Amino acid sequence: MDNCIFCKIISGEIPSSKVYEDDKVLAFLDISQATKGHTLVIPKEHVRNILEMSAETAETVFSRVPKIARAVQKATGAIGMNILNNNEEVAGQTVFHAHIHLVPRYGADDGIHMGFDEHEPDFAALANLADSIAKEVTE
Ligand code: AMP
Ligand code: ZN
C-alpha cells in the first residue's frame, strides 16, 4: 500500500535488518530495540491490524511466531519474551500495517514493566460481559 512504511520495507524501498523471510511473512528488528533483539513479525499482505485481519492471514503470521521467537531467544540469550500487539492509536499503534512485537526479556531490571492493575472481581458483571462478547463471535 502506498505510504505504508512496512510495505516499503517489504518491497526493499526502505532498508531493514531482516531476521526471517518467506513468501508470506517478514520479520525484522524494530528500530526502537525496547530490549536487545526486539523484533517485528508482519504479514506481507497489507492489513491495518488484527481487528481487520482474516483468520487465514492470522494463521499465516502466528504460525511463524514460535520459530522466530525461538531463534531470537537463542541468538540473544534472553530468558523470556513478551509477545504483544497494538491495535489502533488508543492502544499504542503507530504503524498501521499489522505487526507482532517480540520483546526478549533479560531480567527484572531490563527496563520493561508489563502488568495490569488488579480490579475487585464482580462475577455477575463478568458473566454478562462474557455473554455479550460470545454473541458477537463470527468469522
Ligand atoms: P506500534 O507502536 O505497535 O505500532 O509499533 C510500531 C513499531 O515500529 C515501533 O516500535 C517502531 O520503533 C517501529 N518502527 C517504525 N519504523 C520502523 C522502521 N523503519 N524499521 C523498523 N522498525 C520501525
Ligand atoms: Zn503496509
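All figures in this text were calculated on a predicted structure; none of them were measured in a lab.
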Heavy atoms of Asn49 and Ala98 approach each other most closely as CA-CB, 3.7 Å
Cluster check Ile5, Leu26: I/L/V/M/F/W/Y, side chain < 4.5 angstrom: yes
Find out whether Ile10 and Ile42 are in side-chain contact, i.e. whether some heavy atom of one side chain is under 4.5 Å from a heavy atom of the other. yes
For Ile83, run the side-chain contact (heavy atoms from CB on, under 4.5 Å) check against Val103, Thr39, Ile100 and tell me which one passes. Ile100
Examine His99 together with His97 and report whether their ring centres are nearer than 6.0 Å. no
Would you say Phe28 ends up clustered with Val19 if hydrophobic residues are merged whenever their side chains have heavy atoms under 4.5 Å apart, either directly or through other cluster members? no
Parallel, tilted or perpendicular: which one describes the rings of His38 and His101, with boundaries at 30° and 60°? tilted
Decide yes or no for Thr76 and Tyr106: does some side-chain heavy atom of the first lie under 4.5 Å from some side-chain heavy atom of the second? yes
Same cluster or not: Val61 versus Met81, using hydrophobic residues (I, L, V, M, F, W, Y) connected whenever any side-chain heavy atoms lie under 4.5 Å apart? yes
Hey, quick one: are Leu29 and Ile112 part of the same hydrophobic cluster, counting side-chain heavy atoms closer than 4.5 Å, chains of contacts allowed? no
Side chain of Gln93, backbone of Val90: donor and acceptor closer than 3.5 Å? no
For the residue pair Tyr20 / Lys67, report whether a side-chain donor-acceptor contact shorter than 3.5 Å exists. yes
At their closest point, which heavy atom of Val72 faces which heavy atom of Gly37, and how far apart are they? CG1-O, 3.6 Å
Would you check if the side chain of Arg64 reaches a backbone N or O of Lys24 as a donor-acceptor pair within less than 3.5 Å? no
Are Ile50 and Phe6 joined in one hydrophobic group, where the rule is that I, L, V, M, F, W and Y side chains link up if heavy atoms are under 4.5 Å apart? no
Note, Arg48 side chain near Asn87 side chain (heavy atom, < 4.5 Å): no
